[in-house]
Amino acid sequence: MSQLKIYNSLTRQKEVFQSITPGRAGMYVCGPTVSGESHLGHARPYITFDVLYRYLTHLGYKVRYVRNITDAGHFEEEGREAEDKISKKAVLEKLEPMELVQKYTNLYHWAMDQFNTIPPSIEPTATGHIVEQIGMIEQIIEAGYGYVVNGSVYFDVKKYAAKYEYGKLSGRVIEDLLETTRELEGQEEKRDRADFALWKNAAPEHIMRWKSPWGIGFPGWHIECSAMATKYLGAEFDIHGGGMDLQFPHHESEIAQSTICNHTAPVRYWMHNNMITINGRKMGKSYNNVIKLTELFSGDHPMLEKAYHPMTVRFFILQTQYRSTLDFGNEALQAAEKGLKRLWEAYEWILKYDVGSTMYDAKDSELDAKVNKLVTELDEFMNDDLNTAKVLANLFELVPVINGMKDKHIAADALSSTTLALLQTQMQLYMNDILGLKNITNEESSKLKDVMQLLIDLRKEAKAKKDFVTSDKIRNQLAELGIQLKDEKDGGMSYSL
RNA sequence: GGUCCUGUGGCCGAGUGGCUAGGCAGAGCUCUGCAAAAGCUCGUACAGCGGUUCGAAUCCGCUCGGGACCUCCA
C-alpha cells in the first residue's frame, strides 16, 4: 500500500508522513474563538482535520489531537480600539464574560457533534493556561527576544529574523514586513512594525485581566497556541492544522515563539485548509457574508433556500479537496443532499447483504476487477493528501453496481465472495469510520417501523385488489409527510424518511 | 503596492502531457397500474492568444477575469 503523503505548507510540497515517535502522532488544530457563533467557514477545518484524525487512527497511529478553545478573546493588538472583543460584547449582552464564553462553547460543541466530529483528545482553553503563557513569555524575555514597554511585552521580530527564518511558512520577506507602509495606531510602543504582542497591558475597563510580572493584562494573540501545544505535544510535534488565513501572522509567530523557547522548530507538517467562499469571496465577518451554523441547519437566513442537514454540509465539504476553495451555493448544497442520500441508501443495502459462507469465484470477472480497483483506490486517494473528492467519486461509481445487485440485473454471483466481502468492509470503513458520515434521516423508532409496515401491508392489499385510489392515497399522503414509499422490483416495498 | 493562489460543461467540483473524474440539474429510454426510486444512454467542458511537444485542461509566456494574505479572521 502507498504511504500517506500530506502537503506541507512549510515546504510547499507533498511529503510522506513520518511521525516523530513511531506509532504515535501529535496533532494540534487551531480551535474557535468563542466570542460568537461559528459559521459555515469554521466548519471546514474541524471537518477536514476530523477526517485526518480518523484516517491516522485507521492507519494505526495513536493520535493525540489537541484543539484549543480561545476564550480569552483575541485582541485588537494593533490598537484601533485596543479592546477585547469578548469584554465588549459582554457589556452589550449584559453577561459575564465567562458566561458568554460558555454559551458559545456549548453551541460550538453542539455543532461539532451535529457534524459527527470526534472530540479532540485534549481541548485546552486559553484562560486555563495563563500561567503557561506567562512562563513562556518570561523565557522569551530571558532569551533576549522580548522587551517590556509600559506593562506590555513584544516579540522582537527583527532580532529573531537575524538568526531564524521569520516568514518561511507564509512566504514573507522580512525586509518587506519591516518596511510596511501601512499606518496603524498604537504602534508607538513597538520597536518595529513587524513586532507582535506577547502580553498586553489591560485598560481599566478591560474585564478579562490577569496579574503578570509586567502588570495587569492579558496574553497576546499567538502565545496561547505555542504554550498549549508545547505543554501537550512537546517541543516538536507532527502536525499543526488550521485555516489558510492563519498562516500569517498567527502561525508564523507561533513558530517564532516556540523556536525561542524550545530551541527547535515546533512543527513537522503544517497543514492549511482553504476557505469556503460565497459568490467567490471568502466567508468572514469582515465581509458581512457569514452564514452561521445554526442558520444553516434551520434555513433561517436570506441566502438559504432551505435548511441543510449537518451531514449534508459535512458531505458537501468532503466533496472538495481541502486545499481548494469551496464555493457555497444552494444548488451545490442541494446536489450534495441528493447525492448523499443516493450513496447512503446503496451503502445501507450492501452492508446488510449476506455474502454467505461458501466461497465462489466471480462470474463477471470484468466487473469484479472494476469493483476491486474502485475499492482499493480509496486508500491511494486518501494517501494523496486526503483527496476525499476522489474517494467519494469512487464510492459513487460503486453505487450502480450495488443497485444493480439490488435490482437483480447484476447477478448475485457476478462478483466473487471475496470481492463482495471487501466491498462491504471498505464501504463501512470509508463511509463510517473515515469520512464519518451518518444517516441523514432521523433514527426511526421501532413503533414507527411497525406503523410503516402496517401501511405497506395495506397498500399491498389495495394494489392486489387494483384499488389504486387507496394505494395512491397511502403513498401520496406519506409523501406529504416527507416519507417516500418505493415499490421494489420484486413486489416488495421500502420507504425512506 | 508587495507576496501568493486561481479561472474546467447550467451549478459544485477531480484532474499525475496521451486513456470518459464524480455529484446535482437537463434530455431520451427501461422498469412500473401510475409514480417515485433505481438502471441504461447523452452534452464531448477546460478564460483568451501565442509557444514547447508527435500529443496540453495539464508545461512556458503574454492578456483578461476572480480571489487570499499583508489588520482580528477557519
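Proteins come first, then strands; the chains are lettered A, B, ... in the order of their sequence lines, and each starts at number 1.
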**Asked** Under the criterion side-chain hydrogen bond (donor to acceptor under 3.5 Å, both in side chains), which of A/Asp385, A/Asn274, A/Asn273 is the partner of A/Arg323?
**Response** A/Asp385
**Request:** Provide the Watson-Crick or G-U wobble partner of B/A45, both distances under 3.5 Å; none if there is no partner.
**Result:** none
**Message:** Please pick, from B/A74, B/C70, B/G33, the nucleotide with the shortest atom-to-atom distance to any side-chain atom of A/Asp472.
**Reply:** B/G33
**Request:** With A/Arg172 as the cation and A/Phe248 as the aromatic partner, state whether NZ or CZ is under 6.0 Å from the six-membered ring centre and within 45° of the axis.
**Result:** yes
**Request:** Just call it for A/His272: base, sugar-phosphate, or nothing, with non-hydrogen atoms closer than 4.0 Å on any strand.
**Result:** nothing
**For B/C40, the Watson-Crick or wobble partner whose two distances fall under 3.5 Å** = B/G28
**Prompt:** Aromatic ring centroids of A/Trp110 and A/Tyr104 under 6.0 Å?
**Reply:** no
**Message:** Pick the closest RNA chain B nucleotide for A/Val173 and for A/Leu392 by heavy atoms, then say which residue is nearer the 5' end.
**Reply:** A/Val173
**Message:** Between the base of B/A36 and the side chain of A/Asp487, is there a donor and acceptor pair under 3.5 angstrom?
**Reply:** no
**Item:** Contact under 4.0 Å: A/Asn403 side-chain N or O vs B/G39 OP1/OP2
**Value:** yes
**Prompt:** Is A/Gly280 touching bases, backbone alone, or none of the nucleic acid, heavy atoms closer than 4.0 Å?
**Reply:** sugar-phosphate
**Request:** Please state the C1' separation for the pair B/U32 and B/A37 - nearest whole angstrom.
**Result:** 11 Å
**Prompt:** So, is A/Ser324 close to the B/A14 phosphate, meaning a side-chain N or O under 4.0 Å from OP1 or OP2?
**Reply:** yes
**Fill in**
Given the options A/His250, A/Gln247, A/His272, A/Glu252, A/Ser170 meets side-chain hydrogen bond (donor to acceptor under 3.5 Å, both in side chains) only with A/Glu252
**Message:** Please give the distance between the P atoms of B/A57 and B/G9 as a whole number of Å.
**Reply:** 14 Å
**Item:** Residue met sooner reading RNA chain B from 5', once A/Gly171 and A/Gly242 are mapped to nucleotides
**Value:** A/Gly171
**Message:** So is the aromatic ring of A/Phe468 stacked onto the base of B/G33, judging by whether the centres are under 5.5 Å apart and the planes are under 30° apart?
**Reply:** yes
**Asked** So, is A/Asn387 close to the B/G15 phosphate, meaning a side-chain N or O under 4.0 Å from OP1 or OP2?
**Response** yes
**Prompt:** Is the distance between the ring centroids of A/Tyr269 and A/Phe17 under 6.0 Å?
**Reply:** yes
**Request:** Verify the contact: side-chain N or O of A/Lys282 to OP1 or OP2 of B/C69, cut-off strictly under 4.0 Å; return yes or no.
**Result:** yes
**Request:** Using the six-membered ring of A/Tyr322, assess whether NZ or CZ of A/Arg44 lies under 6.0 Å from its centre and within 45 degrees of the ring axis.
**Result:** no
**Message:** Does B/U3 have OP1 or OP2 under 4.0 Å away from a side-chain N or O of A/Arg172?
**Reply:** no
**Asked** Any side-chain N or O of A/Tyr287 less than 4.0 Å from the OP1 or OP2 oxygen of B/A68?
**Response** yes
**Within residues 333-351 of chain A: residues closer than 4.0 Å to RNA chain B (heavy atoms)** = A/Ala335, A/Lys338, A/Gly339, A/Arg342
**Prompt:** Taking atom C1' in both B/G48 and B/A35, what distance in whole Å separates the two?
**Reply:** 48 Å
**Request:** Determine whether A/Trp199 and A/Ser152 make a side-chain contact, defined as any pair of heavy atoms from C-beta on separated by less than 4.5 Å.
**Result:** no
**Message:** Strictly distance-based, threshold 3.5 Å: is any side-chain N or O of A/Asp413 a donor or acceptor partner for the main-chain N or O of A/Lys363?
**Reply:** no
**Prompt:** With a 4.0 Å cut-off on heavy atoms, is A/Ser170 in touch with a base, just the backbone sugar-phosphate, or nothing at all?
**Reply:** nothing
